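Contents: one structure, followed by commentary.
Letters go in sequence order (proteins before strands), and every chain restarts at 1. Because only heavy atoms are used, hydrogens play no part in the values below, and waters and symmetry mates are left out as well, while side chains stay in. None of the values given here were measured: they were computed from a predicted structure.
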Amino acid sequence: MAMTIHVDIVSAEQSIYSGTAEVVIASAEQGEIGVYPRHAPLLTRLKAGEVRLLKGGQEEQFYVSGGMLEIQPDVVTVLADTALRAADVDEAAAIQAKEAAEQALKDQTSKMDYAEAAAQLAEAVAQLRSIQRMRKGKKG
Amino acid sequence: MASGKEIRTQISSIKSTQKITSAMEMVAASKMRKAQDRMAATRPYSEKIYGVIQHLAHARPEYKHPYLQDRIEATRVGYIVISSDRGLCGGLNNNLFKALLSDIKDKRNKGIEIDVCTIGQKASNFMSRLPVNLVAQKAQLGDAPRLQDLIGTVKVMLDAYTEGRIDSLYLVYNEFVNTMTQEQKLLRLIPVKPETPDELLKYPWDYIYEPDAKDVLDDLLVRYIESLVYQAVVENFACEQASRMIAMKNASDNAGNIIDDLQLVYNKARQAAITQEISEIVAGAAAV
């Protein structure tokens, strides 16, 4: 039987594949890389593309939009990205989060006032109800 | 004693409240189960990436990443606080905020300034009332939060660390122990301090880095921290549902008890009215 290597493909949100393969082919940042068992430890980034697993003449394919590839002599781990990553996209998301915070600080008076008013209203209604009950009780 | 009709309306209003609380309990139970599955699904990634980080911290590459280095004196600290978006989930958020406040107080006494970034509506409402610096916020992630939605919020804090505006970063969230127990957690994200297992110390080795250690490490550490935050968000959601389920179960049980009590009062009042009527009739008949 041919030598096999253990392969894990995981993303932050789920585990995609876990099993063995004879060869793992992935598109690393500096070109395609083919990994056979007993490969030297290696760490690299992946480009968007396919990860192909060869096993017993059959091929399985997984698409990843990027990520990291870790190679140990008997284990290959693909840490796949779930999101499309780019510096400017990340930056935009960061700005959005900051703006949301500023908005929250600006809005806090109106929102807090509403919540407090609602709480006070509920309290007043409860008081009224108990007063009415007491009055009725006295009459009866 | 209150009249029969009044008690009847009270009973029926409590019954409708009970219907709502028991419906919420069932919804929370089913959401909790899904959240637990999601929690299990995120675990492999963070375990794998933690393993790589452990190797890295031990391998001592020529490049030391700032996230892995302790800063000697902390003057400003960042917190990422994770809460639920909605209330009616028992003391979950309040207990978390209490734990956070006591930590903030400790830091303040040492003259350390606080930066806060919130994930979840409740945290942002709470934090905006406090005299802390709220730098970023994110809310309404929904039932199935995506990592994509968190990248921006995490980046704000990571940038703050890189630029030296904060000297360490903490993550505050609820840890899901089981349905009955949720624990408040205060985890230090940066500087990263991975534990090195003994077996790694025996045979030192290092990776081949492509293109170079710096680029790879930068990406890896950012992803590691994002995955920790993501997992905390997923875990906190499971906590929210579990806590809501318990709170609603208690509410339904209490409503049941009140209904029983009121029913008893109602029956007594009805019986008293009947007895009075009969004695009046009998007295009337005797007088005739």
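Between the side chains of A/E70 and A/Q72, at least one donor N or O sits under 3.5 Å from an acceptor N or O. Side-chain N/O atoms of A/T4 and A/K55 include no donor and acceptor closer than 3.5 Å. Judged purely by distance below 3.5 Å, without hydrogens or angles, the side chains of B/Y266 and B/Q10 never pair a donor atom with an acceptor atom. No donor-acceptor contact under 3.5 angstrom links the side chains of A/H6 and A/D74, judged on distance only.
Heavy-atom distances place both the backbone and the side chain of A/S15 under 4.5 Å from chain B. If you measure heavy-atom distances from B/D149 to chain A, you find no contacts under 4.5 Å at all. When heavy atoms are compared at a cutoff of 4.5 Å, A/E29 approaches chain B solely by way of its side chain, counted from C-beta outward. In this structure, the portions of B/R146 lying under 4.5 Å from any heavy atom of chain A include both its backbone and its side chain.
Per-residue counts of heavy-atom pairs under 4.5 Å with chain B were compared for A/E13, A/Q30, A/M68; the largest is that of A/E13. Per-residue counts of heavy-atom pairs under 4.5 Å with chain A were compared for B/V135, B/T153, B/D219; the largest is that of B/D219. The candidate from B/P211, B/S227, B/A139 with the greatest count of non-hydrogen atom pairs under 4.5 Å with chain A is B/P211. Between chain B and the options A/V75, A/D8, A/I33, heavy-atom pairs under 4.5 Å are most frequent for A/D8. Of the residues considered (A/S11, A/G67, A/P41, A/A80), A/P41 shows the highest number of contacts with chain B, using heavy-atom pairs under 4.5 Å.
A salt bridge between B/R33 and B/D37 is absent, with no side-chain N of the basic residue lying under 4.0 Å from a carboxylate O of the acidic one.
With hydrogens and angles disregarded, a donor-acceptor distance shorter than 3.5 Å links the side chain of B/Y230 to the backbone of B/P145. No donor-acceptor distance shorter than 3.5 angstrom exists from the side chain of A/T44 to the backbone of A/L69, with no hydrogens or angles considered.
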